[in-house]
Undergrad: 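One structure, as structure tokens, below. Some questions next.
Residues: numbered from 1 along the sequence shown. Here the structure is a predicted model, which means the values were calculated and not measured.
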Amino acid sequence: MAPLLQKIQQFRQSAEQRLPPRLHGFLVSAALIGLCALGYHLRRPSTSLQPVLYAEDGSIFLQQAIDLGAGSLLQLYAGYSHLLQRITALTAVNLLSPLDYPGFFLLVAWLSWLLPLVCTEALIKEGVFGRLMRVTYIPYVYYPYAEETYLNLPNAYIFFPLGFILIAFGVVAQQGSGRPEILRHPALNGLLFLYGLVAAFTGPFLAIYTIPLLIFHGLRRRRLPIRPLWLSLPVLLSCLQIFFSQLQTTYPLSTAQAVGKWLARPALLLDWFTVHLNCPLLGGHTPTWYLRDLPNPQQLAVVVVVLGLVLQAVRVVTRRMGQPGLLYRAIFSTLVLSCSSLLVATRRGVELKAMVVEDAGGRFFYWNTVLFLSVLLLAFVCLVREQRTRNSPMARALAIWLVLTIVFYHNNMVIRHITEVSATGQKTRIFYEDRLRAQCGRADPMTITIYGGPAWNFQLNQRQIDRLCADSF
């Protein structure tokens with residue numbers, strides 16, 4: 001291993017000497033992003049090679065774009081605007097053939113996933129983040145419980161705002177360092193402003209992460225964090241997502257009733273914590289098969305041990321940070337998001353047992369998984385890089401954790417076949433292209449099923465039918 005690492009180091013030094021610094025930095029960033037994209041693609045290659053529409057793609061975003069046109073941009077779904085998805089659907093129904101909808105939606109999902117990597121590399125290049133930040137790419141690529149969130153447009157809203165959130169944290173870190181602002185070009189600020197607006201109206205995540213960031217930052221500086229305006233205005237507008245979802249949406253249960261239901265079922269609450277916040281840090285599905293069969297005291301002990309390891313890892317990382325408060329604020333927002341997702345789902349009337357199923361609501365626990373896995377990995381790398389801490393008890397504990405996580409890791413992807421169940425219970429696979437071909441054989445619009453279950457379908461209007469049949473069949 002040592003000779004291999006030495007050769008890699010020699011190759012890197014040789015490349016740095018032969019190439020201009022800017023070109024070398026660009027090539028390193030491009031190579032890392034490409035490697036991450038390859039790793040992500042290999043989790044389920046068929047998703048990219050055989051794109052299909054997914055759930056809300058049809059019945060919500062495409063159907064409302066077809067029926068309402070530009071008015072669909074003002075609609076809410078589950079209390080949120082989903083602006084990115086609605087812009088994508090509106091673009092598709094006006095410019096593309098229905099045959100191209102799956103590929104176009106997949107493209108937007110890919111770009112949404114890649115955008116945070118691009119933003120992180122840009123911040124590293126400007127010296128806002130250290131190169132050690134690249135360790136976080138590993139959990140970003142290989143996070144467990146990805147079945148619900150993997151490369152589909154409805155759940156691209158957990159990735160798309162992340163780039164802007166990282167930039168917001170970077171701006172605050174830069175201001176706290178006393179160094180001049182790095183994002184001063186008017187064209188770049190305008191682009192970031194547009195990015196922030198779409199992110200603010202795409203989902204609640206921008207609000208949950210950036211509002212506490214700017215509040216604490218303002219309290220520290222003893223003045224309102226108004227500048228830069230391209231950052232503060234999208235954050236202010238993102239409050240509307242919380243207003244729409246929490247104050248303008250009626251749920252069967254109140255927050256107090258939802259809390260009461262969970263407090264009356266402490267064993268089930270322990271299962272929820274184990275499945276969604278604990279097991280993803282140990283590899284995902286496989287640990288749940290063991291931990292949930294343990295008696296409650298032993299299961300609680302495992303949860304406490306893992307939490308203790310995370311807390312110690314946080315201490316290791318923050319000791320090496322210039323502004324540890326940024327990590328504390330990210331953890332605060334992540335825990336708020338995780339707990340609020342539990343309460344909102346309960347208020348909506350979801351069965352409690354349904355919420356302790358692996359992958360159920362995986363999009364809301366993605367943030368917790370990636371953040372804490374990143375902290376654990378960063379702590380491990382920091383400890384093993386230094387001679388004095390390489391053999392410390394904490395380094396050994398993290399090494400054991402890393403081995404267990406790799407051994408237990410389970411890539412939980414599934415093939416997204418569309419099936420239809422007949423009256424006799426027989427399942428038949430449905431092909432999207434065949435449904436479109438059948439549509440060209442009849443005058444009236446027919447139901448285009450895109451995903452399992454009776455709700456996930458849409459109907460084209462005559463304009464889309466004419467484009468489909470004229471261009472494709």
Side-chain angles (χ1 to χ4, degrees), residues 35-36 38-45 47 113 134-151 155 158-159 269-296 298-314 316-317 331 334-335 337-338 341-342 355-384 393-415:
L35 187 62
C36 289
L38 177 62
Y40 203 53
H41 167 73
L42 292 176
R43 293 194 65 174
R44 174 55 68 183
T47 299
W113 185 83
R134 287 166 173 159
V135 173
T136 64
Y137 297 170
I138 298 173
Y140 187 68
V141 172
Y142 292 108
Y143 65 99
Y145 294 176
E147 177 185 339
E148 185 182 33
T149 59
Y150 183 71
L151 289 181
N155 293 311
I158 71 170
F159 302 104
L269 184 60
L270 177 61
D271 273 351
W272 174 86
F273 199 99
T274 299
V275 168
H276 293 301
L277 303 187
N278 196 314
C279 286
L281 306 182
L282 298 172
H285 280 253
T286 308
T288 65
W289 304 338
Y290 299 101
L291 296 183
R292 296 179 70 180
D293 290 336
L294 293 175
N296 287 341
Q298 296 180 26
Q299 186 177 339
L300 179 60
V302 175
V303 169
V304 170
V305 169
V306 174
L307 283 179
L309 189 64
V310 171
L311 289 174
Q312 291 300 315
V314 169
V316 171
V317 174
I331 292 173
T334 299
L335 294 178
L337 175 58
S338 298
S341 67
L342 172 67
M355 285 188 279
V356 296
V357 176
E358 301 91 333
D359 278 316
R363 59 192 178 278
F364 297 114
F365 309 111
Y366 154 84
W367 302 83
N368 185 87
T369 299
V370 172
L371 177 60
F372 286 143
L373 282 176
S374 297
V375 169
L376 289 165
L377 280 173
L378 284 169
F380 176 72
V381 172
C382 288
L383 291 174
V384 299
M394 185 58 188
R396 295 185 181 189
L398 286 172
I400 294 172
W401 159 79
L402 183 57
V403 171
L404 289 175
T405 300
I406 294 173
V407 170
F408 287 144
Y409 180 78
H410 175 70
N411 186 29
N412 63 315
M413 301 302 181
V414 295
I415 298 176

Undergrad: How are the rings of Tyr409 and Tyr142 set relative to one another: parallel (under 30°), tilted (30 to 60°) or perpendicular (over 60°)?
TA: perpendicular
Undergrad: Okay, side chain of Tyr145, backbone of Val275: is any donor-acceptor separation there less than 3.5 Å?
TA: yes
Undergrad: If I take atom CH2 from residue Trp401 and atom CG from residue Leu281, how far apart are they, to the nearest 0.5 angstrom?
TA: 8.0 Å
Undergrad: What is the minimum heavy-atom distance between Pro144 and Pro280, and which atoms define it?
TA: CG-O, 3.4 Å
Undergrad: What class does the angle between the rings of Tyr40 and Trp113 fall in, given that below 30° is parallel, 30 to 60° is tilted and above 60° is perpendicular?
TA: parallel
Undergrad: Compare all side-chain heavy atoms of Leu151 with those of Arg44 and state whether any distance is below 4.5 angstrom.
TA: no
Undergrad: To check you understand the geometry: which heavy-atom pair defines the closest contact between Val310 and Val375, and what is its length?
TA: O-CG1, 4.4 Å
Undergrad: What I'd like to find out is whether the side chain of Phe273 reaches to under 4.5 Å of the side chain of Gln299, using heavy atoms alone.
TA: no
Undergrad: Would you say Leu373 and Val370 make side-chain contact, with heavy atoms under 4.5 Å?
TA: no
Undergrad: Quick check: do Leu269 and Leu342 have side-chain heavy atoms less than 4.5 Å from each other?
TA: yes
Undergrad: Do Trp272 and Phe365 make the cut of ring centroids closer than 6.0 angstrom?
TA: yes
Undergrad: Please lay out, stage by stage, how Leu335 and Asn368 fare under the test side chain to side chain contact (heavy atoms under 4.5 Å, CB included).
TA: CA-CA 7 Å; Leu335 294 178; Asn368 185 87; 4.0 Å; yes
Undergrad: Any side-chain heavy atom of Met394 sitting closer than 4.5 Å to one from Leu309?
TA: yes
Undergrad: For a quick test of reading the model, state the closest non-hydrogen atom pair linking His276 to Val357 and the distance between them.
TA: CE1-O, 3.4 Å
Undergrad: With side chains defined as the heavy atoms from C-beta onward, is the minimum distance between Leu35 and Tyr137 less than 4.5 Å?
TA: no
Undergrad: Just wondering, do Ile331 and Leu371 contact through their side chains at under 4.5 Å, heavy atoms?
TA: yes
Undergrad: Tell me, please, which residues at least two apart from Ser374 pass side-chain hydrogen bond (donor to acceptor under 3.5 Å, both in side chains).
TA: none
Undergrad: I need the Asn412 CG to Glu148 CD distance, nearest 0.5 Å.
TA: 10.5 Å
Undergrad: Would you check if Leu398 and Leu376 make a side-chain contact, meaning some heavy-atom pair closer than 4.5 Å?
TA: yes
Undergrad: Write down the atom of Gly39, the atom of Val141, and the distance for their closest heavy-atom approach.
TA: C-CG1, 3.8 Å
Undergrad: Heavy atoms only: give me the nearest Val317-Ala379 pair and the separation to one decimal.
TA: CG2-N, 3.7 Å
